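Computed from a prediction, not measured in an experiment: that's the story for all the values here. A note on names: the letters A, B, ... follow the listed sequences, proteins ahead of strands, and every chain is numbered from 1.
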Amino acid sequence: MGSVRTRYAPSPTGYLHVGGAWSAFFGWLFARHHGGAFILRIEDTDRSRSTQAYEAAILEDFRWLGLRWDEGPDVGGPVGPYRQTERAPLYARYAQELVARGAAYPCYCTPQELDAERKAAEAARRPHRYSGRCRALTDAQRAAFEAEGRRPSLRVRVAEGAEPIVIDDLIRGRVVFDPEHLDDYIIVRSDGTPLYNFANVVDDHLMGITHVIRGSEHLSNTPKQFVMYRALGWEPPAVAHHPTILGADRKKLSKRHGDTALRDYRDQGFLPEAMLNFFALMAWHPEAEREVYSIDELIRGFRIEDVGAASPIFDLEKLTWLNGVYMRRLLEADPDRVVELCEGILRRAGLPVAEDAAGRRYLRGVIDVVGERLKVGRDIVVYGDFFFRDVVFDTGAVAQYLKPQAAPLLAAYADALAALGPFERGGIERALREVCARAGVDARALVHPARVALTGKTAGPGLFELIEVLGRERAVARLRRGAAMAAGEGVEGP
RNA sequence: GCCCCCAUCGUCUAGCCUGGCCCAGGACGCCGGUCUUUCAAGCCGGUAACGCGGGUUCGAAUCCCGCUGGGGGCACCA
């Protein structure tokens, strides 16, 4: 398959959904595996819901994810344009063709009339089907409707008694549809704009798409589309319908399950590499006993027929774990990227870091001590907020550790740090041990209270490196305040 | 209601096509232990599944049928 061409065709009616990104990823993997082309096509025929801003956002989301397209609305390509609203003449032409071949006919029913029919059928608890009353209109009848000012929509004529439509789905195997259950469906609105099922067929064919990889919600559209391929004398593409991602309640993933837009994950500090790796673990699994894969490994190992047909549930905990794996690797390989990631997150959380070299150095120091604890970028705020603002005390931590007996130790340690020579972790640790030795207590008797005084929490980075990064001045001040709090002096912030 | 799809640990999955190697493997989570100034990470151990019922077969997670459960579709949305 040297000339594989796949596409992802989003509607710019919202941000890129994780389900959409996952779907696109499989199409992209398939194309890359076969050395083919991956195409981005914007399906904006529903003008009331589509916006230019969403289109731009979707492109941005894909760039962030790291999926590059070979042809698309921004880069163009040999079979453009890649935006459906710009392809109107093409749809008009093939709509004409369908009418000329007797495979489509104008329907003068208004949406209100159709709606009434549908409601009547529902009320009678009878399956709703199109009445077919415009199917065999005479020229005179059509002229009469036109004279009334009615603008027709265009319907495809599904031949009666036609052969079953056989779809050999790459994921689901053979699926057979009886055309008996297909209605004459509308392919062009009365305003002349094409509907999904029609535009999709025209575009996929004209763009030379060889493999249509999409969600299973489109499986029942496929026979409708195949009717048109047949009517136009076109060879339909191979199709593969992957399952849809579900939420924890086994319902289609939606807002009530949490974040659904890919950019929500970006904003929380998930890494694109981790997202992609995670995507590869839903409905697919490259190897039986391994979880972490490079993109190249995924491309090499991708087989559409190995994609499962059952719907996976979006497992945020596993994604979080996987992201942690990637964060730790990144910390080794390219710590600057972690710094950059955290900088953005801190700024958005209202804890900005100075943009000069000193600010950057400070943040780098913070990342050095908390970095390996970060599973997701936003963890910098939960584990390291005290580096960027005054301590926010956890009341439980204060109650547990800032007790009167800790007061003299904290005060003595503050004095020791104030008098310490070079302010580095080795000396900082020795100073603590000396204070404890002199008082005849175990190091823990000071370590825990000191942590609470300095960070407000019971958990966090190593105490001595944390103090080094915090700097002498702040550490001493916070320890003194802690001593006062422990002594029961009810101190306010410094 | 009609059409279509799906069904292995709580979750993601391997195994299913080409029955025996599976009293079902890995991972996340959870629980314990270990390391440690805490937490995270790491390491060690544990927990937990073939939806149900019939066949076929010497033998079924694997093949067949039915049921149940879940999902999707049935728009002048995509």
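- A 4.5 Å side-chain heavy-atom check between A:Y413 and A:V476 finds every atom pair outside the cut-off.
- Comparing B:rG72 with B:rC30, their C1' atoms are spaced 33 Å from each other, to the whole Å.
- Between B:rC77, B:rC28, B:rU37, one nucleotide has an atom nearer to the side chain of A:R49 than all others, and that is B:rC77.
- For A:R172, whose side chain is taken as the heavy atoms from C-beta onward, the closest listed nucleotide among B:rC5, B:rG25, B:rC77 is B:rC5.
- Among the nucleotides B:rC39, B:rA40, B:rA27, the one closest to any side-chain atom of A:K375 is B:rA40.
- Within the 4.0 angstrom heavy-atom criterion, no nucleotide atom of any strand lies near A:G324.
- Considering only the side chain of A:S220, B:rG73 comes nearest among B:rA78, B:rG73, B:rC28.
- Pairing of B:rC52, defined by two Watson-Crick or G-U wobble distances under 3.5 Å, is identified with B:rG66.
- Counting heavy atoms from C-beta outward, A:F270 and A:Y326 have side chains that stay 4.5 Å or more apart.
- The gap from the P atom of B:rC3 to that of B:rA75 amounts to 16 Å, rounded to the nearest Å.
- To the nearest whole angstrom, the two C1' atoms, one in B:rA40 and one in B:rC35, are 13 Å apart.
- Between A:E291 atom CD and B:rA14 atom C1' there is a gap of 10 Å when expressed in whole angstrom units.
- With B:rG71, B:rG26, B:rA7 as the choices, the nucleotide that has an atom nearest any side-chain atom of A:K251 turns out to be B:rG71.
- Among the atoms of the strands shown, base atoms are found under 4.0 Å from some heavy atom of A:T458.
- Atoms CD1 (A:I165) and P (B:rG73) sit 19 Å apart, rounded to a whole Å.
- Two rings, from A:H242 and A:W22, have their centers less than 6.0 Å apart.
- In this structure, the nucleotide among B:rU38, B:rC76, B:rA14 sitting nearest to the side chain of A:R189 is B:rC76.
- The same atom, C1', is picked in B:rG73 and in B:rC63; the two are 30 Å apart, to the nearest Å.
- Using a 4.0 Å heavy-atom criterion, one finds that A:R250 contacts the sugar-phosphate atoms exclusively.
- At a threshold of 4.0 angstrom between heavy atoms, the contacts of A:D379 with the nucleic acid are absent.
- Judged by atom type and distance alone, A:R444 does not reach the base of B:rU37 through any side-chain donor-acceptor pair under 3.5 Å.
- Atom CG in A:N277 sits about 12 Å away from atom C1' in B:rA27, given to the nearest Å.
- Nucleotide B:rU11: paired with B:rA27 (Watson-Crick or G-U wobble, both distances less than 3.5 Å).
- Base contact: A:I186 has a heavy atom under 4.0 Å from a base atom.
- No cation-pi contact links A:R7 to A:F38, judged by a cut-off of 6.0 Å to the six-membered ring centre and 45° from its axis.
- Base pairing annotation: B:rG1 forms a Watson-Crick or G-U wobble pair with B:rC74, both donor-acceptor distances under 3.5 Å.
- Comparing the C1' positions of B:rG19 and B:rA24 gives a spacing of 15 Å, expressed to the nearest Å.
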Given A:Y185 and A:Y105, is the ring-ring contact (aromatic ring centres under 6.0 Å, His included) satisfied, shown in steps? CA-CA 10 Å; A:Y185 49 92; A:Y105 60 89; over 10 Å; no

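- For the pair A:E180 CD and B:rC2 P, the interatomic distance rounds to 14 Å; values are reported in whole Å.
- Residue A:L219 has its side chain nearest to B:rC5 when only B:rU38, B:rC5, B:rU37 are considered.
- Remark: B:rU38 base-pairs with no nucleotide in the shown strands. Criterion, Watson-Crick or G-U wobble with two distances under 3.5 Å.
- Atom P of B:rG15 sits at a distance of 13 Å from the matching atom of B:rG20, rounded to the whole Å.
- In this structure, A:I313 reaches the sugar-phosphate backbone alone: every heavy-atom distance under 4.0 Å involves primed, P, OP1 or OP2 atoms, never a base.
- Rounded to an integer number of Å, the gap from A:E217 CD to B:rC74 C1' is 15 Å.
- Mapped onto RNA chain B by nearest heavy atom, A:V176 and A:E372 fall at different nucleotides, with A:V176 at the one closer to the 5' end.
- Of the candidates B:rC6, B:rG26, B:rA78, the closest approach to any side-chain atom of A:Y196 belongs to B:rA78.
- Residue side chain A:N221 reaches the base of B:rA78 through a donor-acceptor N/O pair under 3.5 Å, judged by distance alone.
- Residue-level contact check: A:R129 touches neither bases nor backbone, having no heavy atom under 4.0 Å from any strand.
- Heavy atoms of A:H241 sit nowhere under 4.0 angstrom from any nucleic acid atom.
- At the heavy-atom level, A:C107 lies nowhere under 4.0 Å from the strands shown.
- Between A:F314 atom CZ and B:rC28 atom P there is a gap of 17 Å when expressed in whole angstrom units.
- Base pairing of B:rG32 is made with B:rC44, judged by Watson-Crick or G-U wobble geometry with both donor-acceptor distances under 3.5 Å.
- Within the nucleic acid shown, A:A443 has no heavy atom closer than 4.0 Å to any nucleic acid atom.
- Put simply, the residue from A:V202, A:I209, A:D204 that forms a side-chain contact (heavy atoms from CB on, under 4.5 Å) with A:L206 is A:V202.
- Nearest to the side chain of A:E317, among B:rA27, B:rG29, B:rU11, sits B:rG29.
- Taking 4.0 angstrom as the limit, A:T45 places a side-chain polar atom (N or O) nearer than this to OP1 or OP2 of B:rA78.
- Here the side chains of A:L271 and A:L341 are in contact, with some heavy-atom distance below 4.5 Å.
- If you measure from atom CZ of A:F198 to atom P of B:rC76, you get 16 Å, rounded to the nearest angstrom.
- Contact annotation: the side chain of A:L246 never approaches that of A:F314 to less than 4.5 Å [non-hydrogen atoms, C-beta and beyond].
- Side-chain proximity of A:R328 to the nucleotides B:rC76, B:rC39, B:rG42 is greatest for B:rG42.
- Among the heavy atoms of the strands lying under 4.0 Å from A:P111 is at least one base atom, whether or not backbone atoms are also near.
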Can A:E43 and A:N200 be said to form a side chain to side chain donor-acceptor pair (under 3.5 Å), step by step? CA-CA 8 Å; A:E43 305 217 332; A:N200 211 261; 3.0 Å; yes

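- Protein atom CG of A:L40 is 15 Å distant from nucleotide atom C1' of B:rA78, rounded to whole Å.
- Here the separation of B:rC58 from B:rC65, taken at their C1' atoms, is 23 Å to the nearest Å.
- With C1' as the reference atom, B:rC16 and B:rC50 are 11 Å apart, rounded to whole Å.
- Counting any heavy atom pair closer than 4.0 Å across all strands shown, A:P10 reaches no nucleic acid atom.
- When side chains are defined from C-beta on, A:W69 does not count as touching A:Y8, because their heavy atoms never get closer than 4.5 Å.
- A close approach under 4.0 Å does occur between a side-chain nitrogen or oxygen of A:R118 and OP1 or OP2 of B:rC76.
- A residue-by-residue look at A:D46 and A:F177 shows that A:F177 has its nearest nucleotide of RNA chain B further toward the 5' end.
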